[in-house]
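Residue numbers start from 1 in every chain, and the chains themselves are labelled A, B, ... in the order their sequence lines are given, proteins ahead of strands. Side-chain atoms are counted along with the backbone in the values below, which use heavy atoms only and exclude waters and symmetry mates.
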There are 2 protein chains.
Amino acid sequence: MTISADESAGTREQILVAAYHALEKHGYADLTIGRIGEEFDKSTSLIYHHFDGKDDLLLACLEFMLDQFAGTTAHSDHTDPKSDLESFIEQVLSIEGDAQQYQLMGSLVELRLQSTHNNGYRAHFDRSDLVIQNALAETVTAGIENGVFKQCDPDAVAATIHTLLIGSSVRLVTTGGDGWKTSVRDEMFAYLADRVYA
Amino acid sequence: MTISADESAGTREQILVAAYHALEKHGYADLTIGRIGEEFDKSTSLIYHHFDGKDDLLLACLEFMLDQFAGTTAHSDHTDPKSDLESFIEQVLSIEGDAQQYQLMGSLVELRLQSTHNNGYRAHFDRSDLVIQNALAETVTAGIENGVFKQCDPDAVAATIHTLLIGSSVRLVTTGGDGWKTSVRDEMFAYLADRVYA
DNA sequence: CTGTACTGATTGAACGTTCAATCAACAACG
DNA sequence: CGTTGTTGATTGAACGTTCAATCAGTACAG
């Protein structure tokens, strides 16, 4: 999932991509309008011609990323729900390898925390959680219909996995050790084996 | 767990308590040295006489809080490990009721996120995770020895619960809906019933 | 007299945002 | 065809605010 914008893209989209790259490079805490401006070839103040301000831009950038995610994840064929589930989990837990994705994950958690003060962000992450959880629940439902999974509550399983992955993301980007990681993975798979897999 | 400092306390501790209350009141994002100064009766600039700076003060405040936590939690008699475990979980999941504790939980997540840029914070939360996980693991171990719990890996169970609670904390302070909460609670207890309870 | 605790004023930097001015494209009109 | 008016994109400079940190000076204890 690489994001780029050639010169043909509209200015507004160029700015969105610039914000994305600035997030990758600096994280949210060190993100300034100036640094976003450095990531594209026009003037920094032009941003205010296309967006109401910093928050407006970042919110649009989040929507941009979520659409990107929804586009790639949605409409899986659901041939192998078990591997869909496990590779989704693995993708989160093994993100340390890619430095950019790792930084981006940190930025996303930082942005999520802004929901505390800002209702716009809160609305976004409410929707974001819904999208991700529904994708997970759909996978579980498909597995039940395939007979690969036993009867269970797909939404509850999805909510639990998602919450566990949020916790894992936070620990990944904020703590040093990784002894917890294999433990959590093992227990999560044991939970799935007990409660979900047929 | 109420924190206060009467006039007899040393100035350094008064400042720590002031920082704690400022965190409760404003959250980390809106926390300034000035606002910490408002929370105690001496001059704001006095802070720099007792601490190297903002980061130094907040780190000391975190240590202060962790010691407080370790003091109250440690040395439980472990008579009823099952209820110890469940009330710990419930305490996190039901924090919305207490506005101050809720704000503080948000602040703690915000502070945790600083580990991304700041090694001092990272070291603290490494230790903090260790303390909490060890407390949980001790409870599980006690349960196994009591015969209330079946044979399992106490550290792995502790890591999983702790990660799930971190994720829950983040969702609690950052999202609106709470449909996920009862789902997660139910699945978590089902996980415990399958993997831990005898 | 010496050092420690403490204070109020001040500094300097960073940052989001605004704004007047310029430029390029294009349509209308005589 | 050439002039003029209009609109949106773009720029660089500047403003106002916030905030962490510093500093010179005062009070007081030993």
Task: side chain to side chain contact (heavy atoms under 4.5 Å, CB included) against B/Glu86, all qualifying residues, sequence neighbours excluded - done: B/Lys82, B/Phe189, B/Tyr197
TODO: Check whether more than 12 heavy atoms from other residues, nucleotides or ligands sit under 6.0 Å from atom CD of B/Gln91, and answer yes or no.
DONE: no
Open item on the list: My understanding is that only one of A/Val140, A/Val148, A/Asn146 makes a side chain to side chain contact (heavy atoms under 4.5 Å, CB included) with A/Ile144; could you say which?
Closed with: A/Val140
Task: Of residues 29-38 of chain A, the positions that come close to DNA chain D - non-hydrogen atoms, cut-off under 4.0 Å - done: none
- [ ] Take atom CG of A/Leu58 and atom C1' of C/dC15, then tell me their distance rounded to the nearest Å.
- [x] 14 Å
TODO: Identify the residue among B/Ile132, B/Asp126, B/Leu130 that makes a side chain to side chain contact (heavy atoms under 4.5 Å, CB included) with B/Ser128.
DONE: B/Ile132
Open item on the list: With each end axis built from five pairs of C1' atoms, what bend angle do you get for the helix from C/dC1-D/dG30 to C/dG30-D/dC1? Round to 10°.
Closed with: 20°
Task: side-chain hydrogen bond (donor to acceptor under 3.5 Å, both in side chains) partners of B/Tyr48, counting only residues at least two apart - done: none
Open item on the list: Going by the rule side-chain hydrogen bond (donor to acceptor under 3.5 Å, both in side chains), which residues pair with B/Arg185 if we only count those two or more places apart in sequence or in a different chain?
Closed with: B/Glu90
Task: Sub-4.0 Å heavy-atom contacts from residues 42-53 of chain A onto DNA chain C, ordered by number - done: A/Ser45, A/Tyr48, A/Gly53
Task: B/Gln100 atom CD, over 12 foreign heavy atoms within 6.0 Å - done: no
Open item on the list: What verdict does the side-chain hydrogen bond (donor to acceptor under 3.5 Å, both in side chains) test give for B/Arg122 and A/Thr174, after you've listed the backbone C-alpha separation in whole Å, the side-chain angles of each residue and the deciding distance to 0.1 Å?
Closed with: CA-CA 6 Å; B/Arg122 179 169 289 251; A/Thr174 59; over 6 Å; no
Open item on the list: Could you tell me how far apart A/Glu13 (CD) and D/dA9 (C1') are, to the nearest whole angstrom?
Closed with: 17 Å
Open item on the list: Holding to salt bridge (charged side-chain N to carboxylate O under 4.0 Å, His left out), I want the full list of residues that pass it with B/Lys181, two or more places apart in sequence or in another chain.
Closed with: B/Glu96
- [ ] Give me the other members of the hydrophobic cluster that A/Leu113 sits in, counting Ile, Leu, Val, Met, Phe, Trp and Tyr linked by side-chain heavy atoms under 4.5 Å, directly or via other members.
- [x] A/Val109, A/Ile166, A/Val170, B/Val109, B/Leu113, B/Ile166, B/Val170
TODO: Could I get the full list of salt bridge (charged side-chain N to carboxylate O under 4.0 Å, His left out) partners for A/Arg35, not counting sequence neighbours?
DONE: none
TODO: Could you identify which residues of residues 113-120 of chain A place a heavy atom less than 4.0 Å from some atom of DNA chain C, listed by residue number, or say none?
DONE: none
Open item on the list: What verdict does the salt bridge (Lys or Arg N to Asp or Glu O under 4.0 Å) test give for B/Lys150 and B/Asp194, after you've listed the backbone C-alpha separation in whole Å, the side-chain angles of each residue and the deciding distance to 0.1 Å?
Closed with: CA-CA 10 Å; B/Lys150 71 176 70 158; B/Asp194 284 341; over 6 Å; no
Expected rows: protein N/O vs nucleotides 25-30 of chain D N/O, under 3.5 Å:
none

Open item on the list: Hydrogens and angles aside, do B/Glu39 and B/Tyr20 bring a side-chain donor and acceptor to less than 3.5 Å of each other?
Closed with: no
- [ ] Could I get the full list of side chain to side chain contact (heavy atoms under 4.5 Å, CB included) partners for A/Thr141, not counting sequence neighbours?
- [x] A/Glu145, A/Pro154
Open item on the list: What is the separation between atom CG on B/Asp41 and atom C1' on C/dA5, rounded to the nearest whole Å?
Closed with: 13 Å
Task: Shortest non-hydrogen contact between B/Phe64 and B/Val17, atoms and distance - done: CZ-CG2, 4.2 Å
